[in-house]
Amino acid sequence: MHELALAESIVNTVKKAIKDRPDAKVLQVRVRIGELTDIVPDSLQFGFESLIMDTPIEGAKLEIEQVPINAKCAGCGHEFIVEEYMFICPECFSSNVNLIRGDELEIIDIEIE
Amino acid sequence: MSEKIPVEQKVLSENDKLALEIRRKLAENKIVSLNLVSSPGSGKTSLLEKTIIALGNKLNIALIAGDVQTENDANRLAKAGGKMVRPIVTGGACHLDARMVTKSLMEFDLTKIDLLFIENVGNLVCPSSYDLGEDMKVVLISTTEGDDKPLKYPGMFRRSSAMVINKIDLLGMSDFELARVKENALKINGNLKIFEVSCRSEQGLPDWFEWLDSLVKQRKTEP
């Protein structure tokens, strides 16, 4: 449900980024979303589309790049993709593992013409 | 011709900036801060009531109680003896954000606080994205819920530092199994500190109080 609030942040960032370029048409906004954020891409997409309706950036596409969870074992140093949220090293079975990717919630870039 | 404007910025960068500022202020005043998260009805307010009663004379406890509607929780905490209690009524928002907490903190004298609790809105999804500047998140789960909850809301259990299992006086009345919930939670977060309590029978609560007390002591002795 907070996807709408996140979409709003994205739209505000886009508006700020193009405020000195009134003629720019926003084609696409790229965002990076990690699996651990529990964000539903469809809901984010829907929120974004609803918010830009009847605004100067109407028609812009939201491109969502999803990032799987990657972790590194603090014991043996093995790096692995976390599947089904099992934060357990497949090499040494330690549960002392650190997240290295999968927590992202970032705007990458904005494509304009 | 199209052109790309690089942004490379967190979606919640505004929130994160405020959270950083909160964290700085709390550290400056040597305040231990816990962000309490759970489903509705797990017992966040009950746990805080018991905590105020047990530790209120010993520690200066401040509480920020978030709810979608009503100030009922804040009223309960004040009634339990909470001297510094501020409600946040989000008016529909499913989580607290750093802006709301910043505003509430302005109403406290930070030099007089040892321990700050932020009782988040009952929700295991949305609050996990919002840093409130706290030292750590504490997730509550109760024995009247499913013991697979950690698997359903892994983000929250991964981001929490401690898990309080409440209503253990009701074990056996449902299919909830203590061993299973712990196994599920530890798969996601092997470093989770676990407490088993009942706010009703007060079983297990001393361990929780002792832990809070030790966090405060540790903070005071830090350089």
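Scope of the values below: all heavy atoms of this structure, side chains included, with no hydrogens, waters or symmetry mates. Residue numbers start from 1 in every chain, and the chains themselves are labelled A, B, ... in the order their sequence lines are given, proteins ahead of strands. Worth saying up front: this structure is predicted, and the values here are computed from it rather than measured.
For the set A:V29, A:I112, A:L105, A:D38, the count of heavy-atom pairs under 4.5 angstrom toward chain B peaks at A:I112. Options B:P154, B:G155, B:G190 differ in how many heavy-atom pairs under 4.5 Å they form with chain A, and the most are formed by B:P154. Among the candidates B:M1, B:M156, B:R158, the residue making the largest number of heavy-atom pairs closer than 4.5 Å to chain A is B:R158. Put simply, of A:T13, A:I107, A:L36, A:N96, the one with the most heavy-atom pairs under 4.5 Å next to chain B is A:I107. By number of non-hydrogen pairs under 4.5 angstrom with chain B, the leading residue of A:R32, A:E84, A:E104, A:Q28 is A:R32.
A:L27 touches chain B through its side chain: at least one heavy atom from C-beta onward sits under 4.5 Å away, while N, CA, C and O do not. Only the side chain of B:Y130 comes within contact range of chain A, with heavy atoms under 4.5 Å apart. Contacts between A:I69 and chain B at a heavy-atom distance below 4.5 Å are absent for every atom of the residue.
Taking 4.5 Å as the limit, some side-chain heavy atom of A:D103 sits within range of a side-chain heavy atom of B:R159. Residues A:I108 and B:E8 meet the side-chain proximity criterion, which asks for heavy atoms closer than 4.5 Å.
Taking CD of A:E3 as the start and SG of B:C126 as the end, the distance is 6.5 Å to the nearest 0.5 Å. With rounding to the nearest 0.5 angstrom, the CG atom of B:N184 is 10.0 Å from the CE atom of A:M86. B:N189 CG to A:S95 OG: the interatomic distance, rounded to the nearest 0.5 Å, is 8.5 Å.
Residues A:H2 and B:V125 approach most closely at CE1-CG1, 4.3 Å, considering heavy atoms. Closest non-hydrogen pair, A:L6 versus B:V11, comes out as O-CG1, 3.7 Å.
Ion pairing between a basic and an acidic side chain is recognised when a charged N comes within 4.0 Å of a carboxylate O; B:E14 and A:K16 show such pairing.
Other residues, nucleotides and ligands place no more than 12 heavy atoms under 6.0 Å from the CZ atom of A:F46. Around atom NZ of B:K187, more than 12 heavy atoms belonging to other residues, nucleotides or ligands sit under 6.0 Å away. By the neighbour-count criterion of 12 heavy atoms within 6.0 Å, atom CZ of B:R99 is sparsely surrounded, having that number or fewer from other residues, nucleotides or ligands. Other residues, nucleotides and ligands place no more than 12 heavy atoms under 6.0 Å from the CD atom of A:E83. Environment of NZ in B:K30: crowded, with over 12 heavy atoms of neighbouring residues, nucleotides or ligands closer than 6.0 Å.
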